[in-house]
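Have a look at the structure below before the remarks.
Numbering starts at 1 and runs along the sequence shown.
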Amino acid sequence: HLPVNLVASFAKRLARLALLIPQYDQCLIITFIYNLCIRHPQIRIMIDRQPSQSTDPIKDNYLSEEIDPNKTNAIDSSLWEIETLTHHHHPDVATCALAFTSLRKINSERDIHDLLEIDYDEMFEHDINRRIRSRKTKDKTKTTTECPINYNVTVNLFD
């Protein structure tokens with residue numbers, strides 16, 4: 001029973017915060033905004049709205065300096081921050097942000113309990129154990145699973 005302006009302002013402020021926080025917290029914030037969109041379907045218009053559909057395509061309608069959340073014009077803005085996070089360098093963050101594309105099909109909240117305890121150590125451990133994708137070489141007979149590197153491996157100490 002909250003006003004839509006208040007929920008939209010909260011979601012927009014969280015989305016702005018998601019651009020600045022460490023990556024192990026970004027998945028938590030993105031999932032929280034996703035659950036807000038499930039619980040309050042009126043703010044889904046912020047996902048569908050492109051930034052160019054506002055009155056001024058260069059300026060966002062959101063007033064980030066406004067203290068009163070009902071006066072921030074967040075409902076007239078878009079969640080372009082989530083779209084930006086779909087291009088994140090870490091695949092877990094990008095996958096969490098891409099979940100917004102399935103918001104129309106899936107209408108159930110996502111569980112955030114697993115995301116509450118994640119830190120850099122757990123993310124590093126997860127990335128170390130991740131399977132490396134194999135890619136086909138030019139002759140398409142062999143596959144390689146080596147990571148690309150930008151230096152030559154030395155054989156002797158003094159070459």
* State, to 0.1 Å, how close Ile82 and Ala97 come at their nearest heavy-atom pair, and which atoms those are. => O-CB, 3.7 Å
* Structure fact -> The complete set of side-chain hydrogen bond (donor to acceptor under 3.5 Å, both in side chains) pairs with one or both residues in residues 83-92, sequence neighbours excluded, reads Gln23-His89, Gln26-His88, His90-Asp127, Asp92-Arg130
* **side-chain hydrogen bond (donor to acceptor under 3.5 Å, both in side chains) partners of residues 2-18, not counting sequence neighbours, each pair once** => Ser9-Thr72, Lys12-Asp60, Lys12-Ser77, Lys12-Glu81, Arg13-Tyr62, Arg16-Asp60, Arg16-Glu81
* Do Val93 and Leu98 share a hydrophobic cluster, counting only Ile, Leu, Val, Met, Phe, Trp and Tyr and linking them when any side-chain heavy atoms are less than 4.5 Å apart? -> no
* To do: Count the heavy atoms belonging to other residues, nucleotides or ligands that lie under 6.0 Å from CG of Leu20, then report whether that count exceeds 12.
  => yes
* Structure fact -> CD1 (Ile47) and OG1 (Thr101) are apart, to the nearest 0.5 Å, by 10.0 Å
* Would you give the length of the straight line joining atom CG of Leu28 to atom SG of Cys96, rounded to the nearest 0.5 angstrom? => 9.5 Å
Using distance only, find each side-chain donor-acceptor pair of residues 29-42 under 3.5 Å and give its atom names and separation, not counting sequence neighbours.
| from | atom 1 | to | atom 2 | distance (Å) |
| --- | --- | --- | --- | --- |
| Thr31 | OG1 | Cys27 | O | 2.7 |
| Asn35 | OD1 | Arg110 | N | 2.9 |
| Asn35 | ND2 | Arg110 | O | 3.0 |
| Arg39 | NE | Glu109 | OE2 | 2.5 |
| Arg39 | NH2 | Glu109 | OE1 | 3.4 |

* Can you get from Phe10 to Ile67 by hopping between Ile, Leu, Val, Met, Phe, Trp and Tyr side chains that sit under 4.5 Å apart? -> no
